[in-house]
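To start, the structure itself, in structure tokens.
Values reported hereafter were calculated over all heavy atoms of this structure, with side chains retained and with hydrogens, waters and symmetry mates removed.
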Amino acid sequence: MWPSSTRQGDFARVGILGWWMFPVGKHPGLGYLDLLLGAIREAVADAGLGLGDVEGLYLAPDDVGARETAMLAARIPELLGVPTRALALVECGGTTGALALKTALQDLRLGHVQIAVVAAGSKTAAGGLRGDPYVFS
């Protein structure tokens with residue numbers, strides 16, 4: 001987020017400070033969570049921040065209901081050792097990533113968080129996620 005001296009009206013200006021992406025392709029030995037956690041760590045480092053600076057996590061999972069994404073929003077902060085003020089798991093088909101970004105931007109602009117991470121991942125190059133999806137009745 002930009003310093004408070006650049007505030008316009010009631011809302012602060014926001015910007016993207018860092019990002020990371022694994023190259024598209026096969027990553028033997030790395031599962032979905034490995035890739036997602038690695039991307040989060042690298043993006044935070046690219047921004048010149050530490051994981052302890054992160055206040056909000058906004059996750060866009062590959063396949064909601066698969067074993068690897070079960071309780072993802074609760075597991076990622078725990079695996080990273082990051083206490084969060086805001087946490088969201090967004091799933092909306094082809095617009096999932098854009099909606100996760102919109103959700104983070106809203107929280108940033110409203111001042112709910114100062115540093116947010118939006119993370120999405122896919123392991124479809126390996127034939128989709130491993131494990132049977134949960135069936136809800």
To the nearest 0.5 Å, atom OG1 of T103 lies from atom CG of L89 at 10.5 Å
Do the side chain of R85 and the main chain of G56 share a donor and acceptor less than 3.5 angstrom apart?
no
inquiry  = Is any side-chain heavy atom of V14 closer than 4.5 Å to one of L105?
reply    = yes
Are the side chain of E55 and the backbone N or O of T84 linked by a donor-acceptor pair below 3.5 Å? no
- request: Using the side chain to side chain contact (heavy atoms under 4.5 Å, CB included) rule, take L37 and Y32 through it: C-alpha gap first, then chi angles, then the decisive distance, then the call.
  value: CA-CA 9 Å; L37 292 168; Y32 176 76; over 6 Å; no
Do I76 and L33 have side chains that approach each other closer than 4.5 Å (heavy atoms only, starting at C-beta)? yes
Working for side chain to side chain contact (heavy atoms under 4.5 Å, CB included), residues L49 and I115:
CA-CA 9 Å; L49 301 169; I115 304 293; 3.8 Å; yes
In short, A73 meets L59 closest at the heavy-atom pair CA-CD1, 3.7 Å
Note: R41 and L51 closest approach over all heavy atoms is CG-CD1, 4.2 Å
- prompt: With a 4.5 Å heavy-atom cut-off, do W19 and D46 have their side chains touching?
  reply: yes
#### Entry: side chain to side chain contact (heavy atoms under 4.5 Å, CB included) assessment of V117 paired with V82
CA-CA 11 Å; V117 171; V82 174; over 6 Å; no
Between the OG1 atom in T96 and the CG atom in L101, the distance rounded to the nearest 0.5 Å is 12.5 Å
When every non-hydrogen atom of D34 is compared with those of G29, the smallest separation belongs to OD2-O, 3.9 Å
Heavy atoms of A119 and I40 approach each other most closely as CB-CG1, 3.6 Å
Heavy-atom nearest pair, L35 first then L30, reads CD2-CD1, 3.7 Å
Would you mind reporting whether Y58 and V113 have side-chain heavy atoms less than 4.5 Å apart?
yes
Donor-acceptor contact present, side-chain D107 to main-chain A104, <3.5 Å: no
